[in-house]
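Report on the structure given below.
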Amino acid sequence: MSSVVYLYLLSGDLMRYSQLFIPTLREAPADAEAISHKLLVRAGFVRQLASGLYIYLPIGWKVLNKINTIIREEMNAIGAQEISMPVLHPAEIWQQTGRWNEIGDEMFRLRDRKGSDMCLGMTHEEIITWLASREIRSYKELPQIWYQIQTKLRDEARPKSGILRTREFLMKDSYSFDTDERSLQKSYNLHIEAYNRIFERCGLKFYRVDSDPGMMGGAIAHEYMAPSEAGEDDVALCAKCGYSANVELAESVPPAIDSVDRDFEEIETPEKRTVGEVSAFLKLSPAHFIKSLLVISEKEPVLALIRGDQKLHENKLQKIIGNFRHASRDEAKEILGVEAGFIGPMGHNVKTVADEVLQKGCFISGANKPHYHAGGIKAGREFSPGWADIHVAQEGDGCPGCGEPLHIEKVIEIGNTFKLGTKYSMPLRAFYLDESGREKPVVMGSYGIGPARVAAAAVEQSHDDNGIIWPESIAPFDVIILPLNVKDEKTRETAEHIHNELIRKNVDALLDDRDERAGTKFKDADLIGIPLQIVIGERNLKEGLVEIKSRSTGKAEKIKIDKAVKTACDNIA
RNA sequence: CGGGGUGUAGCGCAGUCUGGUUAGCGCACCUGCCUUGGGAGCAGGGGGUCGGAGGUUCGAAUCCUCUCACCCCGACCA
């Protein structure tokens, strides 16, 4: 029996619906968009305090704690040790790693009464590394994995989708400390094992994908992604070889076009500027065109070329030419001497970066004169750019590993893992002495899980028109007992009896003892999403029967009263 | 930060364009009766600074100005 369940068994009242605070609503708030947002509010799990700030009501908090219990069990199982660090941080440590200045408005900052700069923790690399720097002396003390489940605060530019993107949220964050890269790989692998088990136990469908380490530093990073329409990220997946990556960095080979080599020729295209307009006008698919986009980097203007059916991947381009912005219409005309809409790759004196897919084939693009496009444009003949992958991977593009078509899926990020290396141990001087007495920086990793996102993803992935269908492992209760008419003595007695027996067997069972009509009880039970319902009605009772119904399958079974407890227990596993 | 939208009872909404009784409806809530296998019915009842401030007017939920909050799209996101 988990500690969470045990706490709730302490008071029988908390197993009675009439004593519990579960404010369900017939209608979802009008401003809720995501399914998980609507259902969690309607079913009485959460309430919004302000933008990006949520109150967890009793059953919401209980679900979160069930998730946290699973996380703790699996983290402890890999030898991680739970600690708790402050949410309020002195600026100094963040200044030492440089992130005080690197991070902008997203960090909540404040001053204490003495005027010292402080901030609210967005994450705890700085703090834990400070701790390690003071306490870790020798290779004999390594490796270590420390974790906490702690509130994080981020002044998000746009909180959204209920509890999916909030300004204050709970996060399980763990940090590994190792002597070298090889040892770090072991800690990293341990986390992979733990994460796989955690998300499996939480009943989620999920992928582990390559991700962009971003400002976190370090070279290797992965994200755990739960497929959902409410997600904010896209991942590229290959069913054949298993390639999986966030679209932020996914590579792909766009399908080849069959183009016939032709000589260069100009074509009049009056008032046709965009690829869409020109391709419709010439009755050719957008893949036969080159999109020529002028951007301005910090150093110089750059002409970026991509195929007409592809999108420019700004992050990929940014890694090549540094920060840039799109040129204005006037700038384009001034620099290239032609109005936007009729720009072609030929004959310009500016740095040009083209997507690799343009290396083969014969294309159409702007003719560099108003109201004209040009056909027969071949790489190496009409233009000679620098080559790079600068397109966004799209559905059906070839897998970079095996060539099979990629599938793009919308996902919620529920966890991430980063190899940090010495990014934090160096500036904060977290050093240890190795076997030969040499001082070396600790090699670190950092690993996050968002319990609220796990809950939201579970709702997104498992619901129907009637409400939530919780995975058993994280449901607010295992069983709900529905005495349909509590004024009927036999009904009430049977329900109480079954309830007591289930509780005695450590089943987390809720008794709906409210004097409500049957319909109301069914609707609430379905909405809240408790996996198993035991329905006690006068009709069946006369034959000595009660009904056990599965929330997920909707299948109901009539069984003898004295078999109800056993059957329920068997169903809970 | 750019674009769009919404603020009227706990929730969902009408009324605003075209200013004029005591600001309405459904659900929820309270009391009574009745009812008990899918959010019943009847009767009675409570609940509103119409987001806020200022202005125009004899008179403002309604018109004007400012402001705040929230949602959606985009940018951003260790």
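Labels below follow one simple rule: chain letters A, B, ... track the order of the sequence lines, proteins then strands, and each chain is numbered from 1.
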### Task
Spell out, as yes or no, whether a donor-acceptor pair under 3.5 Å connects the side chain of A:Y424 to the backbone of A:W130.
no
For this session: Identify whether any heavy atom of A:N416 sits under 4.0 Å from a base atom; if not, whether one sits that close to sugar-phosphate; answer base, sugar-phosphate or nothing.
Result: nothing
Please classify the nucleic acid contact of A:A157 as base, sugar-phosphate, or nothing, using heavy-atom distances under 4.0 Å. base
Picking from B:rA78, B:rC71, B:rC73, the nucleotide nearest the side-chain atoms of A:E106 would be B:rA78
Whether A:S51 contacts B:rA69 is assessed here as follows: a side-chain N or O lying under 4.0 Å from the phosphate OP1 or OP2. Is that the case?
no
Rounded to whole Å, CD of A:Q48 lies from P of B:rC72 at a distance of 9 Å
Of the candidates B:rG12, B:rG38, B:rC70, the side chain of A:F522 sits closest to B:rG38
What about A:N466: does its side chain form a donor-acceptor pair under 3.5 Å with the base of B:rG38?
no
When all nucleic acid strands are considered with a 4.0 Å heavy-atom cut-off, which category describes A:D105: base, sugar-phosphate, or nothing?
nothing
Margin query: Whether A:D512 and A:R514 form a salt bridge (side-chain N of Lys/Arg under 4.0 Å from carboxylate O of Asp/Glu) is what I want to check.
Written below: yes
A:E223 atom CD is separated from B:rA78 atom C1', nearest whole Å, by 11 Å
Of the listed B:rU36, B:rA28, B:rG37, the closest approach to the A:A518 side chain comes from B:rG37
The Watson-Crick or G-U wobble partner of B:rG74, with both key distances under 3.5 Å, is B:rC1
Checking B:rG12, B:rU36, B:rC72 against the side chain of A:N485 (C-beta onward), the nearest is B:rU36
With A:Y224 as partner, the option from A:Y207, A:F199, A:Y447 fulfilling ring pair (Phe, Tyr, Trp, His ring centres under 6.0 Å) is A:F199
Exactly one of A:W61, A:W470, A:F21 clears ring pair (Phe, Tyr, Trp, His ring centres under 6.0 Å) with A:F45, and that residue is A:W470
Of the candidates B:rG12, B:rC72, B:rA78, the side chain of A:K160 sits closest to B:rC72
For this session: Measure the shortest side-chain to side-chain distance between A:D173 and A:K152 over non-hydrogen atoms and say whether it is less than 4.5 angstrom.
Result: yes
Exercise for the section: Please state whether the base of B:rG10 and the side chain of A:R42 form at least one donor-acceptor pair under 3.5 Å? Expected result: no
Note to self: Within the 4.5 Å heavy-atom criterion, are A:I198 and A:K172 side-chain neighbours or not?
What the structure shows: no
Base B:rG37 to side chain A:E547, donor-acceptor N/O within 3.5 Å cut-off: yes
Rounded to the nearest 0.5 angstrom, the CG-CE distance for A:D233 and A:M225 is 4.0 Å
Suppose you measure atom P in B:rG5 against the same atom in B:rC64; what distance do you get, rounded to whole Å?
15 Å
Taking the P atom of each, how far is B:rU16 from B:rU6, in whole Å?
14 Å
- prompt: Which value, in whole Å, describes the distance between the P atoms of nucleotides B:rG19 and B:rC58?
  reply: 15 Å
Pairing partner of B:rG37, by Watson-Crick or G-U wobble and under 3.5 Å for both distances, is none
When rounded to whole Å, the NE2 to P distance for the pair A:H37 and B:rC11 reads 12 Å
Note to self: What's A:A28 touching, base or sugar-phosphate or nothing? Going by heavy atoms closer than 4.0 Å.
What the structure shows: sugar-phosphate
From CD of A:E156 across to P of B:rG74 the rounded distance in Å is 15 Å
B:rG51 to B:rG12 separation - P atoms, rounded to the nearest Å: 15 Å
5'-most contact on RNA chain B (nearest-nucleotide basis), A:R158 vs A:N315, goes to A:R158
When all nucleic acid strands are considered with a 4.0 Å heavy-atom cut-off, which category describes A:S161: base, sugar-phosphate, or nothing? sugar-phosphate
Which of B:rG39, B:rU36, B:rC72 is nearest the side chain of A:L527? It is B:rG39
A:K487 atom NZ is separated from B:rU36 atom P, nearest whole Å, by 11 Å
Separation of B:rA9 atom P from A:R26 atom CZ, nearest Å, is 19 Å
NA contact type, A:V486, heavy-atom cut-off 4.0 Å: base, sugar-phosphate, or nothing?
-> nothing
Closest of B:rA78, B:rG39, B:rC71 to the A:T24 side chain is B:rG39
Which of A:E331, A:E298, A:E314 passes salt bridge (charged side-chain N to carboxylate O under 4.0 Å, His left out) with A:R325? It is A:E331
What's the gap between B:rG4 and B:rA78 when it is taken at their P atoms, as a whole Å value?
28 Å
Out of B:rC72, B:rA78, B:rG39, minimum distance to the side chain of A:R99 belongs to B:rA78
- Are A:R109 and A:D117 within salt-bridge range, i.e. N to O under 4.0 Å? no
Would you mind checking if A:E496 and A:R16 are paired as a salt bridge, meaning a charged N to carboxylate O distance below 4.0 Å? yes
Contact check, residues 548-560 of chain A vs RNA chain B, heavy-atom distance under 4.0 Å, returns A:K549
* Taking the C1' atom of each, how far is B:rA75 from B:rG59, in whole Å? -> 47 Å
Against the side chain of A:D524, the closest entry in B:rG39, B:rA40, B:rC11 is B:rG39
Could you work out the separation of B:rU8 and B:rA53 based on their P atoms and round it to a whole Å? 15 Å
TODO: With heavy atoms under 4.0 Å as the rule, sort A:T520 into base, sugar-phosphate or nothing.
DONE: base
*Within-4.5 Å side-chain heavy-atom neighbours: A:V411 and A:V209*: no
Judged by nearest nucleotide, the residue sitting upstream toward the 5' end of RNA chain B, A:R539 or A:R167, is A:R539
Out of B:rA40, B:rC11, B:rC70, minimum distance to the side chain of A:R517 belongs to B:rA40
The Watson-Crick or G-U wobble partner of B:rC25, with both key distances under 3.5 Å, is B:rG12
Rounded to whole Å, the CD-P distance (A:E33 to B:rC73) equals 6 Å
By the Watson-Crick or G-U definition, both distances under 3.5 Å, B:rG7 is matched with B:rC68
Under 3.5 Å, sequence neighbours excluded: what are the donor-acceptor pairs made by side chains of residues 555-564 of chain A?
none

To the nearest angstrom, the CG-C1' distance between A:L25 and B:rC11 comes to 6 Å
Could you work out the separation of B:rC13 and B:rC68 based on their P atoms and round it to a whole Å?
25 Å
| said: Mind checking if A:E232 touches a base, just sugar-phosphate, or nothing, with heavy atoms under 4.0 Å? | reply: nothing
